[in-house]
Structures are given as C-alpha cells and as structure tokens.
*Asks:* 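This is the structure, below, for whatever I ask next.
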Amino acid sequence: VHLIKQDPPAYGEVERLPLVHTFLHLCLSPDGTSKPVNVATSTLVSLEFAFCAVLHQQLLDTEHGTLRDKSVVETDKVVKALMKQYLFNNSCSASAHLQSLLCYGMKLAKDDGGSLYFRWSEDRASVTYGTETVKVSSLQALVRGTLDHATSMLEQLLLKDGTLSTQVDLSTYQDNFCNHKPGYNFVAASESETGTFCLCQAIKGFPQHQPLLDVCSTEPEFDTDAAHAYFALHNEFNKLLAVLIELTSGLPARGTELVQLQHTNTLISQCNLFLADGYFVTVLASNKGTGPPKLIPCFLPHAVGQLVLFYVMEVVPFLHFLFNLVVGPQEPSALLLVDHKGQPWQTNNISKAMQSLCVEFVGPSASSLHMHNWHQLSVSIDMKLIHPGQPAEEYADHAHDMQAGHTTSMALQHYGLDSSMLLQLTQESMDHLLVVSKQWHAFWGLASRCGDSAQPFSTSTAVPPCA
C-alpha cells in the first residue's frame with residue numbers, strides 16, 4: 001500500500017510517491033552493497049510500477065479519482081483490497097515472490113548452511129542445526145524404519161498371507177527407454193500377467209480382519225467400508241514411498257519435481273521412471289536456473305525399487321478397479337505419487353509425512369526436518385560425509401553437485417547446471433550419477449541391486465571430477 005499512498009496518508013503529491021523503495025530488496029544486499037537483479041524480476045517490478053501509477057491516477061487523482069471524496073479509512077481499505085487482488089502473493093509483492101523463486105536454493109548452492117547453520121561434531125557422528133542435535137545413526141534408523149513401515153503396508157495392500165519376498169531380481173524385467181507409445185510402461189514390457197494377484201486374494205477372503213468382498217452379499221460385491229479402509233492404507237503407503245524416494249536415491253529433488261514422477265506414457269508426456277540394468281531410475285527435469293531443463297537421473301536402492309515394482313504391477317491396477325466399482329468410473333493416473341483418487345500429492349503432504357517419520361524414528365529434536373530443511377542438510381551430508389575434503393569451487397564441478405542441479409555459474413546467480421551432459425539422458429550422465437546414488441545407498445546401509453550386499457559406508461570414497 002505504501003507504493004501508492006503518502007506518508008502521512010495525505011493522498012496526492014505524486015512527486016513524493018516512494019516507488020524507488022521497491023528496488024531496495026532487489027538491488028541491495030543486507031550490507032548495502034549492490035547485487036544483480038534478474039531481467040524477469042526487473043520487468044515485473046516495472047509492471048508493478050506501471051500498475052501503481054495507473055491505480056494512483058484512477059483512485060486518487062484529485063479531479064477524476066473514484067476515491068477522491070472518501071475518508072482516509074475507506075480509501076485505505078479499498079487500496080489494500082485492490083493491491084491484494086492484483087499485486088500481492090501471501091503478503092509479498094509479486095516481484096519479491098518471483099525473486100524468492102529465482103533465488104530458491106541459491107544459498108544452498110554456495111554453502112551447506114542455507115538458512116540453517118549446520119555444525120558437525122569432530123567425529124562427524126552428529127550434526128547440530130539451530131539448537132537441535134541429530135545423530136547420523138538416527139537418520140539411518142529413519143530410513144530403515146520407514147522402509148519397514150512401507151514394506152508392511154505394501155504386504156497389506158497386496159492382500160498377502162505372508163511376508164514380501166526380498167529377492168526379486170529387477171534385472172529380469174525389461175524396459176524400453178525409446179518406446180513413447182501412450183499406455184506403455186515397464187509392466188507392458190514384461191509381458192506378464194499383472195493386476196490379478198490382489199483380486200484373487202480378495203476372492204479368497206483377504207484381508208481376514210476386514211474382507212474386501214462383502215460376506216453378507218448373495219453376489220460378489222465389495223464392502224464399501226473395507227474398500228475405503230484400503231484406500232486410506234494406500235494413501236499412507238504412497239506418502240511413505242515418496243519419502244523413501246526423496247531420501248534414498250541421492251541428492252533430493254524439489255517437492256514439485258518429485259510429484260511429477262510418471263510410470264506410464266500418456267498422449268502429452270512420457271514416463272520418467274525406468275528399469276535399467278537392475279535399477280529403477282527416476283529421471284526428473286530440473287528447471288533450476290535458466291536455459292532448457294536439466295535431466296537428473298537418480299537410482300533407487302533395491303529395497304525401494306522392489307516396492308515400486310510390486311506397487312505399479314499389482315496395486316495400481318487393482319486400486320483403479322476397486323475405485324471404479326465402489327466409487328465410480330475414473331481414468332487411471334499415470335503418476336506414481338498420488339492418492340487413491342489419482343490426485344498428486346502437494347509438497348506439503350509429503351513434507352508433513354517426513355516430519356512425522358522424523359519424530360517417530362529420530363526424536364522430537366528432528367521435528368523441523370521437513371523437505372526444505374532436508375534439502376539443505378542433504379547437501380551438507382554429501383559434502384561432509386559422502387564426499388568430504390572437496391573444495392567448494394571444485395565440488396561445483398563434481399557429479400555430486402550435478403545431481404543436486406548445481407552449477408559453477410554461481411557468478412551469474414543461477415542454481416541450475418548448464419552442462420550439456422544433463423540436457424539429455426545419456427550413458428555418460430547415467431554412469432556419473434549412478435556412482436553418486438550408490439554412495440548414498442551405502443550411507444543408508446542399503447544394497448543397490450538384488451544379490452548385492454550393502455556396501456560399507458566410507459567417507460574416503462570419491463567420484464572423479466566430471467570433464
């Protein structure tokens with residue numbers, strides 16, 4: 001409101017309009033020195049100024065302004081309403097909001113502190129942020145506990161009468177990166193019967209404590225309450241799966257990128273979840289910085305990849321079948337991380353699930369480890385534990401930094417990697433970033449592929465710098 005009103009609130013006197021103050025948060029650093037401003041932000045600020053000038057003329061002009069005869073209180077109320085409607089986003093100006101988006105992760109790319117200051121113990125066994133201290137072993141227990149929870153839930157979703165096999169060799173399943181036909185996914189490539197196991201189990205009367213088929217009905221009919229209990233279980237499992245993918249595959253993706261994981265081709269988009277050489281690979285497009293999107297391949301550890309396999313092959317088709325019968329017809333979703341209605345999760349849903357798991361397995365001291373803080377901590381872990389001793393300026397050229405989407409062009413104030421290696425999915429980019437993912441698998445104590453033993457975690461292992 002201060003952009004178009006005077007101080008004190010005596011409207012008029014256009015020459016006193018303090019528009020220039022808007023530039024301060026864009027052009028000056030906290031210490032008063034100048035800093036670069038993105039062209040898009042400058043353009044938006046100019047549009048804000050133009051709107052303010054028009055608004056001032058339309059509302060407050062002494063001859064033609066629609067509010068010229070109103071009291072200061074009434075004028076202030078109308079001005080605030082119009083500013084909120086056209087110029088503001090959650091109390092921030094549009095330019096400030098855009099600048100915050102453009103600067104997302106900038107501090108993270110320059111140092112491992114970000115808005116939090118991480119202090120590591122001498123033996124690197126614990127890390128302190130703010131006033132809270134978390135042990136590395138507790139973080140590793142978080143992944144193991146979450147994996148156990150998710151595995152148990154998947155067994156229930158499969159309506160199994162036994163435990164889930166842990167020896168499914170993913171290399172026996174085929175996939176075709178080059179198949180762009182709508183409806184194609186790795187399940188279609190396997191040419192095996194899928195989606196029938198859960199139905200057969202339901203016909204047998206599972207789950208025993210609340211059978212999906214209505215035992216009182218004279219004809220085969222699904223029980224509505226049991227179906228909705230199944231839907232609720234699915235939703236909890238799916239959020240755990242999102243947390244596991246975010247934590248275990250390497251340096252994490254943004255929440256908005258994570259929820260774009262797609263297991264099946266559609267008419268307008270291609271799947272970005274593949275099977276390759278016994279690994280599930282997620283290939284998310286990162287739009288950090290400028291230029292074309294960068295494709296960041298990350299490899300899931302075997303235990304998490306197996307969850308994805310059973311979920312997509314058996315649970316997804318049965319869930320769609322059950323929803324259509326109990327609720328009503330609906331198109332199947334091609335996305336991986338969705339609720340039972342096929343709606344993708346908001347980042348906040350996954351973040352809250354992560355916080356709840358942190359409190360359960362790490363303790364109350366980790367209650368602030370939501371997705372944003374985890375992004376910062378993961379880079380600190382990567383630099384201090386997984387790839388220690390690398391100077392910051394060299395780290396920015398490193399495969400670890402590439403998986404985070406960072407770049408050496410910090411002088412240009414961009415967060416994305418402009419290396420040609422990541423402009424398309426290549427053997428080179430996959431080889432480099434597989435090494436990074438495998439080191440994260442070792443950090444969590446998880447085997448990378450079926451038959452492999454979990455590699456002992458060592459901070460002395462390093463990835464050669466990328467050419």
*Asks:* With sequence neighbours left out, write down each residue that passes side chain to side chain contact (heavy atoms under 4.5 Å, CB included) with S121, or none if nothing qualifies.
*Replies:*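 Here the qualifying residues are D123, A125, S126.
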*Asks:* From L240 CG over to L357 CG, what is the distance, rounded to the nearest 0.5 angstrom?
*Replies:* 5.5 Å
*Asks:* Under the rule for side chain to side chain contact (heavy atoms under 4.5 Å, CB included), what residues qualify as partners of Q174, not counting sequence neighbours?
*Replies:* none
*Asks:* List for me each residue that meets side chain to side chain contact (heavy atoms under 4.5 Å, CB included) alongside V78, sequence neighbours excluded, and say none if there are none.
*Replies:* L67, L82
*Asks:* What residues form a side chain to side chain donor-acceptor pair (under 3.5 Å) with T248, not counting sequence neighbours?
*Replies:*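 Partners of T248 by the side chain to side chain donor-acceptor pair (under 3.5 Å) criterion come out as none, since no residue qualifies.
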*Asks:* Distance only, no hydrogens: is a donor on one side chain within 3.5 Å (strictly under) of an acceptor on the other, for W120 and S380?
*Replies:* yes
*Asks:* So W345 and N238, side chain to side chain donor-acceptor pair (under 3.5 Å) or not? Walk me through it.
*Replies:* CA-CA 9 Å; W345 298 114; N238 198 273; 2.8 Å; yes
*Asks:* For a side-chain hydrogen bond (donor to acceptor under 3.5 Å, both in side chains) with S269, tell me which candidate from N272, N265, T266 qualifies.
*Replies:* T266
*Asks:* Output a table of donor-acceptor pairs, distance under 3.5 Å, between side-chain atoms of residues 179-186 and any protein atom two or more places apart or on a different chain; print 'none' if there are none.
*Replies:*
residue : atom : partner : partner atom : Å
N179    : OD1  : K181    : N            : 3.0
H180    : ND1  : Q270    : OE1          : 3.3
Y184    : OH   : D175    : OD1          : 2.9
Y184    : OH   : N176    : N            : 2.8
N185    : OD1  : V187    : N            : 3.0
N185    : OD1  : A188    : N            : 3.0
N185    : ND2  : T264    : OG1          : 2.9

*Asks:* Not counting sequence neighbours, which residues clear ring-ring contact (aromatic ring centres under 6.0 Å, His included) with F197? List them please.
*Replies:* none
*Asks:* Hey, can you pull the donor-acceptor pairs under 3.5 Å for the side chains in residues 227-237, sequence neighbours left out?
*Replies:*
residue : atom : partner : partner atom : Å
Y230    : OH   : L157    : O            : 2.7
H234    : NE2  : Y311    : OH           : 2.7
N235    : OD1  : H340    : N            : 2.9
N235    : ND2  : H340    : ND1          : 3.1
E236    : OE2  : K239    : NZ           : 3.4

*Asks:* Partners of P317 by side chain to side chain contact (heavy atoms under 4.5 Å, CB included), sequence neighbours excluded?
*Replies:* none
*Asks:* Identify each donor-acceptor pair in which a side-chain atom of residues 327-334 lies under 3.5 Å from a protein atom, sequence neighbours left out, and give them as a table.
*Replies:*
residue : atom : partner : partner atom : Å
Q330    : NE2  : K341    : O            : 2.9
S333    : OG   : L335    : N            : 3.2

*Asks:* With a 4.5 Å cut-off on side-chain heavy atoms, are F361 and D148 touching?
*Replies:*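 A side-chain contact is absent here, since even the closest heavy-atom pair is not under 4.5 Å.
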*Asks:* If you round to the nearest 0.5 Å, how far is SG of C271 from NE2 of H263?
*Replies:*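 The distance works out to 9.5 Å.
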*Asks:* Ignoring hydrogens and angles, write down the donor-acceptor pairs under 3.5 Å from the side chains of residues 132-146, residues two or more places apart or on other chains.
*Replies:*
residue : atom : partner : partner atom : Å
T133    : OG1  : T128    : OG1          : 2.8
Q140    : NE2  : F443    : O            : 2.7
T146    : OG1  : L142    : O            : 2.7

*Asks:* For H370, what residues pass the ring-ring contact (aromatic ring centres under 6.0 Å, His included) criterion, not counting sequence neighbours?
*Replies:* none
*Asks:* Sequence neighbours left out, what passes side chain to side chain donor-acceptor pair (under 3.5 Å) with Q156? Give chain and number order.
*Replies:* none
*Asks:* Would a 4.5 Å heavy-atom cut-off, applied to side chains only, mark F274 and T282 as touching?
*Replies:*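 Not in contact.
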*Asks:* Answer yes or no: are there more than 12 heavy-atom neighbours, outside Q210 itself, under 6.0 Å from its atom CD?
*Replies:*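 Yes, the 6.0 Å shell around CD holds more than 12 heavy atoms from other groups.
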